[in-house]
Amino acid sequence: MMCPQCLLKVHMNCRVCHTTVSAPRGIQGKMSVSEMPISLQGHSRDSTVKVTYSIPDGIQGGGHPNPWSPFRGGLFEAYLPLCERTKKLLPRLERAFKQGLTFTVTGKDAGAQVTWDCIPHKTSLQGGKSSNGYPDASYLTRLSQALTSQSIEEVLANSQDSTKT
């Protein structure tokens, strides 16, 4: 496994530099991205990206309501317009997810379940801001600000291209 400095990912022990780092915190699972051939209100020129998070049932950690007790996972979907700004936000969303910032556990005992945490997601294709859908002209700005507030910054193109020859 590699440390954040070697791969910009959180791992237990890095085989390259031999640094030991803490395990990912928060709720873990799988994140996938797919394109949908529809446009969101307010983004008529763009197709839609569906982000799907699959969170398995698990055991609560120390920062959750009932540490070491089980919680119920789930399947969560969110939608973004497929535009240049979103293309820059998707890697940041992935880093936030891998760092355990996207979900948390609420409830206690048998009612403990995974819910969205501090990174805002649009869970509806329509209905506007009040229904957690589109149109919402300020959503991508709010999403970027929320990621920045959690120290999830945009990776500059120069740092990505420096490894290419």
Side-chain angles (χ1 to χ4, degrees), residues 4-5 7-11 22-58 60-61 63-65 71-108 111-163:
Q5 291 75 25
L7 263 187
L8 296 175
K9 295 182 180 178
V10 179
H11 294 277
S22 62
R25 64 182 181 94
I27 303 300
Q28 301 296 306
K30 293 183 181 178
M31 174 184 169
S32 62
V33 177
S34 59
E35 186 175 350
M36 300 170 61
I38 61 171
S39 294
L40 297 165
Q41 291 179 4
H43 299 275
S44 61
R45 291 186 223 150
D46 305 312
S47 57
T48 299
V49 173
K50 178 170 76 169
V51 181
T52 303
Y53 299 96
S54 178
I55 310 298
D57 295 348
Q60 297 180 52
H64 294 130
F71 65 81
R72 190 173 59 245
L75 189 66
F76 299 83
E77 295 176 338
Y79 305 94
L80 296 144
L82 184 53
C83 59
E84 288 304 312
R85 192 156 182 206
T86 297
K87 289 176 185 177
K88 293 178 181 179
L89 287 167
L90 283 171
R92 296 173 67 193
L93 280 172
E94 184 175 9
R95 287 198 311 273
F97 178 64
K98 288 180 177 182
Q99 291 180 22
L101 301 171
T102 307
F103 296 97
T104 191
V105 175
T106 59
K108 290 188 174 190
Q113 63 186 8
V114 172
T115 59
W116 297 102
D117 199 357
C118 60
I119 308 298
H121 284 70
K122 288 291 182 183
T123 57
S124 179
L125 295 169
Q126 56 196 11
K129 191 174 180 179
S130 63
S131 296
N132 210 21
Y134 292 90
D136 183 350
S138 64
Y139 171 64
L140 295 178
T141 298
R142 289 193 322 275
L143 175 58
S144 181
Q145 290 170 342
L147 291 163
T148 299
S149 74
Q150 296 296 319
S151 299
I152 307 291
E153 301 290 342
E154 182 179 337
V155 175
L156 301 176
N158 292 12
S159 64
Q160 292 175 342
D161 293 338
S162 64
T163 59

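All values below come from the heavy atoms of this structure, side chains included, with hydrogens, waters and symmetry mates left out. Counting from 1, the numbers follow the sequence of the chain as shown.
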Could you go through the side-chain contact (heavy atoms from CB on, under 4.5 Å) check for Asp117 and Leu101 one step at a time?
CA-CA 7 Å; Asp117 199 357; Leu101 301 171; 5.8 Å; no

List for me each residue that meets salt bridge (charged side-chain N to carboxylate O under 4.0 Å, His left out) alongside Glu77, sequence neighbours excluded, and say none if there are none.
Lys50

Name each donor-acceptor pair under 3.5 Å that joins a side chain in residues 31-45 to protein atoms two or more places apart or in another chain, with its distance.
from	atom 1	to	atom 2	distance (Å)
Glu35	OE2	Ser47	OG	2.6
Ser39	OG	Ser44	O	3.2
Ser39	OG	Asp46	O	2.8

Which pairs, with at least one residue in residues 121-132 and sequence neighbours excluded, count as a salt bridge (charged side-chain N to carboxylate O under 4.0 Å, His left out)?
Lys122-Asp136

Work out which heavy atom in Ala146 is nearest to a heavy atom in Ser149; give both atom names and the distance.
O-OG, 2.7 Å

Does the side chain of Val105 come within less than 4.5 Å of Ile27's, by heavy atoms?
yes

Take Glu94 and Phe97, measure what side-chain contact (heavy atoms from CB on, under 4.5 Å) needs, and give me the verdict at the end.
CA-CA 5 Å; Glu94 184 175 9; Phe97 178 64; 5.6 Å; no

Quiz: residues 80-91 side-chain donor-acceptor pairs under 3.5 angstrom, not counting sequence neighbours:
from	atom 1	to	atom 2	distance (Å)
Glu84	OE2	Lys87	NZ	3.3
Arg85	NH1	Thr141	OG1	3.2
Arg85	NH2	Thr141	OG1	3.0
Thr86	OG1	Pro81	O	2.5

If the condition is ring-ring contact (aromatic ring centres under 6.0 Å, His included), which residues does His121 pass it with, not counting sequence neighbours?
Tyr53, Trp116

Locate the shortest heavy-atom distance separating Ile119 from Ala96; write the atom from each residue and the value.
CG1-CB, 4.3 Å

Do you know the tightest heavy-atom contact between Tyr134 and Tyr79?
OH-O, 2.7 Å

Which distance, rounded to the nearest 0.5 Å, do you find between the CG of Leu93 and the OG1 of Thr102?
7.0 Å

Is a side-chain N or O of Ser144 found less than 3.5 angstrom from the main chain of Leu140, in a donor-acceptor match?
no

Contact summary for Asp57 and Gly73, nearest pair of heavy atoms:
OD1-N, 2.7 Å

Taking all heavy atoms of Arg142 and all of Pro120, pick out the closest pair and write down the distance.
O-CG, 4.4 Å

Rounded to the nearest 0.5 Å, how far apart are OG1 of Thr106 and CD of Gln113?
5.0 Å

Sequence-distant partners of Ser124, side chain to side chain donor-acceptor pair (under 3.5 Å), two or more places apart
none

